[in-house]
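Remember, it's a predicted structure, so these values are computed and weren't measured experimentally.
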Amino acid sequence: MEFFYGQENLTSIQWILRAIVSFSVLLLATKLLGRRSIAQLRLLDFTIALILGNILAHPLSDEQLGLKGSIITTGVLIALYLLCVFVSLKSRGFGKWLEPSPFPLIENGEILYKELGKARITIDHLLSEARKAKVAEINQVALAMWEPDGTISFFLSPQLQALTPKDIQLVKDPFSISKTIIKEGKIDLAELSQIGKDIAWLEHKMSISNVSEKDILLATMDNQEQLRFYFY
């Protein structure tokens with residue numbers, strides 16, 4: 001455990017052990033923080049990610065710094081992060097301060113210039129985000145909202161939106177996701193059991209299609225029990 005503490009010199013093995021421990025701690029920290037910190041970097045998420053990265057990076061570049069202090073600090077920061085998330089869920093005021101409510105930047109094709117200042121973005125940035133959302137003209141936008149995570153949501157005017165089956169009173173089949181039966185030549189027995197099928201049924205289907213299990217990259221089945229095979 002000598003690698004854990006600050007020293008004048010570290011061997012190659014000790015540097016490797018430090019890297020492994022730091023990586024494991026950061027992985028565990030991310031797991032404890034939850035998917036929220038990965039999916040979107042809001043104010044709290046950005047702050048914690050920035051600090052954790054710096055804390056764990058220093059012992060990996062300076063042999064005189066031990067890992068003990070970094071790991072303790074990381075644990076405290078995770079606890080503070082989870083506390084802030086908990087308080088924001090319980091306290092509306094704190095939650096609104098931490099994650100402000102979205103506000104409009106465009107309404108009925110008109111740019112709300114004062115709101116751009118509130119969001120601290122320029123016209124160029126707004127136009128860039130509009131192009132990414134495939135908006136050709138600002139006057140096509142019924143509403144554009146500035147979101148707490150720094151993104152902009154665009155909603156086109158109803159006249160410019162594509163027709164949906166509901167608009168023409170077309171009845172469609174219920175939505176369903178195909179099940180993965182075989183992946184990389186291996187049968188998913190749990191998935192097969194969940195849909196009420198067995199190996200014998202699958203082998204029969206493969207024999208009809210004249211395919212071999214080991215040649216299949218992916219096999220899926222839809223709600224009509226139709227199998228689709230994808231090969232290497």
Side-chain angles (χ1 to χ4, degrees), residues 16 19-42 45-46 48-49 52-53 78 81-82 85-86 89 99 102 128-136 140-145 147-232:
I16 291 171
I20 292 172
V21 170
S22 297
F23 176 77
S24 301
V25 170
L26 191 56
L27 200 61
L28 178 62
T30 306
K31 183 70 175 176
L32 291 173
L33 293 175
R35 290 183 180 273
R36 162 196 158 110
S37 60
I38 304 172
Q40 51 191 2
L41 282 179
R42 301 195 178 192
D45 306 311
F46 177 78
I48 196 74
L52 286 184
I78 291 173
Y81 174 89
L82 296 176
V85 171
F86 177 78
L89 293 173
E99 294 184 7
S128 172
E129 293 301 308
R131 288 192 295 271
K132 291 176 185 177
K134 296 182 173 55
V135 175
Q140 297 176 352
V141 179
L143 182 67
M145 298 291 291
E147 304 292 350
D149 62 353
T151 60
I152 304 174
S153 301
F154 292 91
F155 302 91
L156 293 178
S157 300
Q159 295 85 350
L160 299 173
Q161 294 177 8
L163 284 175
T164 65
K166 183 180 178 181
D167 295 326
I168 57 177
Q169 299 181 348
L170 177 65
V171 178
K172 299 195 71 178
D173 293 332
F175 174 78
S176 65
I177 298 177
S178 296
K179 306 292 185 181
T180 300
I181 308 300
I182 300 175
K183 183 165 58 177
E184 296 179 345
K186 295 180 181 178
I187 299 172
D188 190 331
L189 296 176
E191 194 71 61
L192 200 60
S193 175
Q194 188 176 352
I195 60 176
K197 304 297 180 182
D198 55 20
I199 291 288
W201 174 86
L202 181 59
E203 289 177 345
H204 174 66
K205 288 289 187 181
M206 288 192 295
S207 65
I208 292 175
S209 300
N210 194 27
V211 298
S212 174
E213 176 187 331
K214 67 179 188 307
D215 297 326
I216 299 173
L217 174 63
L218 182 69
T220 62
M221 189 185 80
D222 59 23
N223 61 342
Q224 302 296 325
E225 297 191 359
Q226 295 294 320
L227 278 172
R228 287 183 175 83
F229 298 105
Y230 303 87
F231 301 97
Y232 285 98

- [ ] Work out which heavy atom in Ser157 is nearest to a heavy atom in Val141; give both atom names and the distance.
- [x] OG-C, 4.1 Å

TODO: Inspect the surroundings of CD1 in Ile177 and state if more than 12 heavy atoms from other residues, nucleotides or ligands are less than 6.0 Å away.
DONE: no

Open item on the list: Please check if the number of heavy atoms outside Phe86 that lie under 6.0 Å from its CZ is greater than 12.
Closed with: no

Task: Heavy-atom pair with the smallest gap, counting every atom of Ala219 and Phe229 - done: CB-CD2, 3.8 Å

Open item on the list: Main chain of His204, side chain of Ser207: is a donor-acceptor contact present, judged purely on distance under 3.5 Å?
Closed with: yes

TODO: Could you tell me the separation between the OH atom of Tyr230 and the CD1 atom of Ile216, rounded to the nearest 0.5 Å?
DONE: 12.0 Å

Open item on the list: Under the criterion side-chain contact (heavy atoms from CB on, under 4.5 Å), I'd like the reasoning laid out for Asp222 against Arg228: C-alpha separation, chi angles, the key distance, then a yes or no.
Closed with: CA-CA 8 Å; Asp222 59 23; Arg228 287 183 175 83; 3.2 Å; yes

Task: Gap between atom OG1 of Thr220 and atom NZ of Lys183 - 0.5 Å precision - done: 12.5 Å

Open item on the list: Once rounded to the nearest 0.5 Å, what's the spacing between atom CD of Glu225 and atom CH2 of Trp201?
Closed with: 6.0 Å

Task: Lys205 vs Lys197, side-chain contact (heavy atoms from CB on, under 4.5 Å): CA-CA, chis, key distance, verdict - done: CA-CA 11 Å; Lys205 288 289 187 181; Lys197 304 297 180 182; over 6 Å; no

Open item on the list: Applying the side chain to side chain contact (heavy atoms under 4.5 Å, CB included) criterion to Ile181, which one of Asp188, Leu192, Leu189 satisfies it?
Closed with: Leu192

Task: Gap separating the NZ atom of Lys179 from the CD1 atom of Ile195, nearest 0.5 angstrom - done: 8.0 Å

Task: Value rounded to 0.5 Å, distance of CD1 in Ile182 from CD in Glu213 - done: 5.5 Å

- [ ] Write down the atom of Phe155, the atom of Met145, and the distance for their closest heavy-atom approach.
- [x] CE1-CG, 4.4 Å

TODO: Can you measure from NZ (Lys134) to CG (Leu156) and round to the nearest 0.5 angstrom?
DONE: 12.0 Å

